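Naming convention: chains lettered A, B, ... in sequence-line order (proteins, then strands); numbering from 1 in each chain. All of these numbers come straight from a predicted model, not from anything done at the bench.
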Protein chains: 2
Amino acid sequence: MSTREAVIGYHHGDLRRAIVDAAVESIAESGPSGWSLRELARRAGVSHAAPAHHFGDKAGVLTAVAAEGFRGLAASLAQAGDFLDLGLAYVAFATSHPAHFQVMFQPELYHSGDPDLSTAADAARAALTDGLRETGLDEPGMELAAWSIAHGFSALWVSGALPAELGKDPVAAGREVLARLLDGRR
Amino acid sequence: MSTREAVIGYHHGDLRRAIVDAAVESIAESGPSGWSLRELARRAGVSHAAPAHHFGDKAGVLTAVAAEGFRGLAASLAQAGDFLDLGLAYVAFATSHPAHFQVMFQPELYHSGDPDLSTAADAARAALTDGLRETGLDEPGMELAAWSIAHGFSALWVSGALPAELGKDPVAAGREVLARLLDGRR
DNA sequence: ACAGTATCTTGTCATCGACAAGATGTCCAC
DNA sequence: GTGGACATCTTGTCGATGACAAGATACTGT
């Protein structure tokens, strides 16, 4: 039996969760557009129109995924210690939640005006800024540089553009890369 | 009259180009999946099945877009001079060709095994490596760091994630950011 | 128990991607 | 210059999809 199927009658129990989870799984396999609402509904064992009640439309599902992603990223960043840690937390989140990460930075895919989403996105952004301020490296441009290098390495890793020689641990490989931003400093 | 419409009889003249251009335009407006083959066909003034002859399927169109993108990136990088220049050339290409850039780094969207595409992708990769070697900054990890920071800044800019205060010139803003990778060096 | 509401179903429609078969134009061998 | 091979494009079709509407069913509080 699958992961759900436990308590399903006319009411699913937690369709919203089931759909989001199924979406994340599908996106990880075949990209942000490689799935259909009807397929997710079938996987969850509900009718083809059931998801619409919770999400409105297809973009609504991706809005939920993106919001969940921003919350996860914020939580990940909040635990980081020093400068390198912060960047590696970013990389760790992105590479362990590639589906979320891919959706988060493609606003055309979701309802970017959604209040829940905006809140989550702002929180993630704040976590990054706050974390960087604590490290003392708050010269102008440094925040953007840190964000850029962490985001770039993450995006390249997730897209599969990086050479296989880097191994399978994105955080270990990322450490060498992010450290370059600190060369010649204290 | 639109850009084409000039010489169209039963044979379009250059349907392949027209479709790729229309695709790039559509992608820039509504993302890598915000368009349909039939819409492009209508725009080009041909029947709904005409594009299939040139590209096979929808992914085929995106394969052509990605290949064109990699060729453009390679050309852009080949002209760069010093280290900063190289990174800024990357940023300049990405931000002036956002549609190409977005597609290039989403391999699920196209036929990544396509020979023409592979050749173009390899050329772009080589242009980056060669350009960096010439700058003398070829310590281990430095290539990845440069690629990451340039790619990250580009991706963030294209996705609209960066604050509006940065202005409208991505290359000018990028210069300040990429320069951080060189602080404390020669 | 009953009303109100949230959740889910069934049915439908326009659109889409893919495929097949046929029509039309082009171009080269002879 | 013509006949046929080939590339290009059209028309027609099919199953799948997203969105919407209307109705059925379960839950919730009073």
For this session: On the 0 to 90° scale, with breaks at 30° and 60°, tag the A:Trp147-A:His151 ring pair as parallel, tilted or perpendicular.
Result: perpendicular
Exercise. Can you check whether B:Tyr90 reaches B:Phe101 side chain to side chain, under 4.5 Å on heavy atoms?
Worked result: yes
For this session: Assign each of A:Arg42 and A:Ala49 to its nearest nucleotide of DNA chain D by heavy atoms, then name whichever residue's nucleotide is nearer the 5' end.
Result: A:Arg42
Problem set entry | Spacing of B:His48 atom NE2 relative to D:dT10 atom P, expressed in whole Å | 9 Å
Seminar exercise, completed: Here the distance between atom P of C:dA18 and atom CG of B:Leu40, to the nearest Å, is 12 Å
Exercise. Tell me: CZ of A:Arg17 to P of C:dT7, nearest whole Å?
Worked result: 15 Å
For this session: Return yes if a side-chain donor-acceptor contact under 3.5 Å exists between B:Arg71 and B:Thr119, otherwise no.
Result: no
Seminar exercise, completed: Whole-Å distance, A:Lys58 NZ to D:dG18 P, equals 5 Å
Exercise. Is B:His54 touching bases, backbone alone, or none of the nucleic acid, heavy atoms closer than 4.0 Å?
Worked result: sugar-phosphate
For this session: Mind calculating the distance between CG (A:Leu37) and P (C:dT15) to the nearest angstrom?
Result: 19 Å
Seminar exercise, completed: Tightest non-hydrogen contact, residues A:Ile149 and A:Val177, listed as CD1-O, 3.9 Å
Problem set entry | A:Arg38 or B:Arg38, whichever maps to the more 5' nucleotide of DNA chain D | B:Arg38
For this session: Measure from NE2 on A:His53 to P on C:dC8 and round the result to the nearest Å.
Result: 7 Å
Exercise. Over how many whole Å does the gap from B:Leu62 atom CG to C:dG17 atom C1' extend?
Worked result: 13 Å
Exercise. Within the structure, does a side-chain N or O atom of A:Ser36 lie under 4.0 Å from either OP1 or OP2 of D:dT17?
Worked result: yes
For this session: Write down the distance between CH2 (A:Trp35) and P (C:dG17), rounded to a whole number of angstrom.
Result: 17 Å
